[in-house]
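What follows is a short report on a single structure.
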Amino acid sequence: MTFRAALPRRLPLLLGAALCLPLTACRYNFVPLIPPVQETKLPVRLTDVTLTRDGESLTLKAKVSGTFEPGYLGVRWYAGAQEIGQDSLFLDAAQPAATFTLAAPAKAAYRAVLSFGGVVLRQVELYEVAP
């Protein structure tokens, strides 16, 4: 059997191989071709946090920044290692700033730990004596 006689029988096979060749040459490495958009949720941030003494009391000012669900901003006051008080204030988008005061006539190493929604966000310190 010559090559010309076998060509009509092999023609569909050769055409099928020729059509499959472009399918194997270039493929994407991952599926899906465009990944879905990932939503990111940034944590709440405290900005403009200050702890100062005003006469015989301490004043703590803080502002919640970013998009957040309304909730309580809590503060725990410490003199050295001893907890001396705690307070909280409800914040929402209309009122994102808070001011806390604590009566503290004696000088000490004061700390205030701020938390929002049960998550500790920041600690501020005021050292009036050596810790």
Side-chain angles (χ1 to χ4, degrees):
M1 179 182 265
T2 65
F3 180 71
R4 286 185 180 240
L7 188 60
R9 276 192 319 188
R10 293 186 180 166
L11 188 60
L13 183 63
L14 290 173
L15 284 175
L19 290 175
C20 288
L21 187 62
L23 295 176
T24 62
C26 182
R27 283 195 274 177
Y28 289 102
N29 291 331
F30 57 90
V31 172
L33 302 179
I34 299 173
V37 176
Q38 297 292 327
E39 246 186 78
T40 57
K41 185 176 179 183
L42 298 175
V44 174
R45 291 182 25 202
L46 289 178
T47 58
D48 303 329
V49 180
T50 58
L51 177 59
T52 57
R53 176 173 282 286
D54 293 329
E56 291 195 359
S57 64
L58 298 176
T59 302
L60 173 67
K61 293 181 181 182
K63 183 179 179 184
V64 177
S65 296
T67 305
F68 64 95
E69 294 291 324
Y72 285 92
L73 177 66
V75 62
R76 289 184 179 253
W77 298 92
Y78 295 91
Q82 180 182 4
E83 183 177 342
I84 57 173
Q86 62 183 7
D87 197 3
S88 63
L89 185 65
F90 187 79
L91 299 180
D92 58 4
Q95 181 185 351
T99 302
F100 298 100
T101 57
L102 175 75
K107 292 189 176 194
Y110 292 104
R111 292 182 298 130
V113 178
L114 293 159
S115 62
F116 188 80
V119 178
V120 174
L121 297 177
R122 182 165 302 176
Q123 173 179 302
V124 289
E125 301 167 340
L126 177 66
Y127 291 115
E128 299 173 321
V129 297

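The structure presented is a predicted model; accordingly, all values stated were derived computationally and were not measured.
In this structure, D87 and F100 approach most closely via the heavy-atom pair OD2-CD2, 3.6 Å. The two atoms that bring Q95 and L89 nearest to each other are NE2-CD2, 4.1 Å, heavy atoms only. Residue Q123 comes nearest to V113 through the heavy atom pair OE1-CG2, 3.9 Å, listed as atom of the first residue, atom of the second, then distance.
V124 and Y78 sit in two unconnected hydrophobic clusters of ILVMFWY residues. Membership requires side-chain heavy atoms under 4.5 Å apart, directly or through other members.
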Determine all donor-acceptor pairs shorter than 3.5 Å in which one atom belongs to a side chain in residues 55-71; sequence neighbours excluded.
residue, atom, partner, partner atom, Å
S57, OG, D54, O, 3.1
T59, OG1, D54, OD2, 2.7
S65, OG, T47, OG1, 2.8

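Judged purely by atom type and a 3.5 angstrom limit, R111 uses its side chain to pair as donor or acceptor with the backbone of G80.
Atom CZ in R122 sits 8.5 Å away from atom CZ in R45 (nearest 0.5 Å). With rounding to the nearest 0.5 Å, the separation of CG in L126 from OH in Y110 is 8.5 Å.
Through direct or relayed side-chain contacts under 4.5 Å between Ile, Leu, Val, Met, Phe, Trp and Tyr, Y72 connects to F90.
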>> Set out, in order, the CA-CA distance, both residues' side-chain angles and the distance that settles side-chain contact (heavy atoms from CB on, under 4.5 Å) for L46 and L73, then state yes or no.
In response: CA-CA 10 Å; L46 289 178; L73 177 66; 4.1 Å; yes
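For CZ of R53, the number of neighbouring non-hydrogen atoms (other residues, nucleotides, ligands) closer than 6.0 Å is greater than 12.
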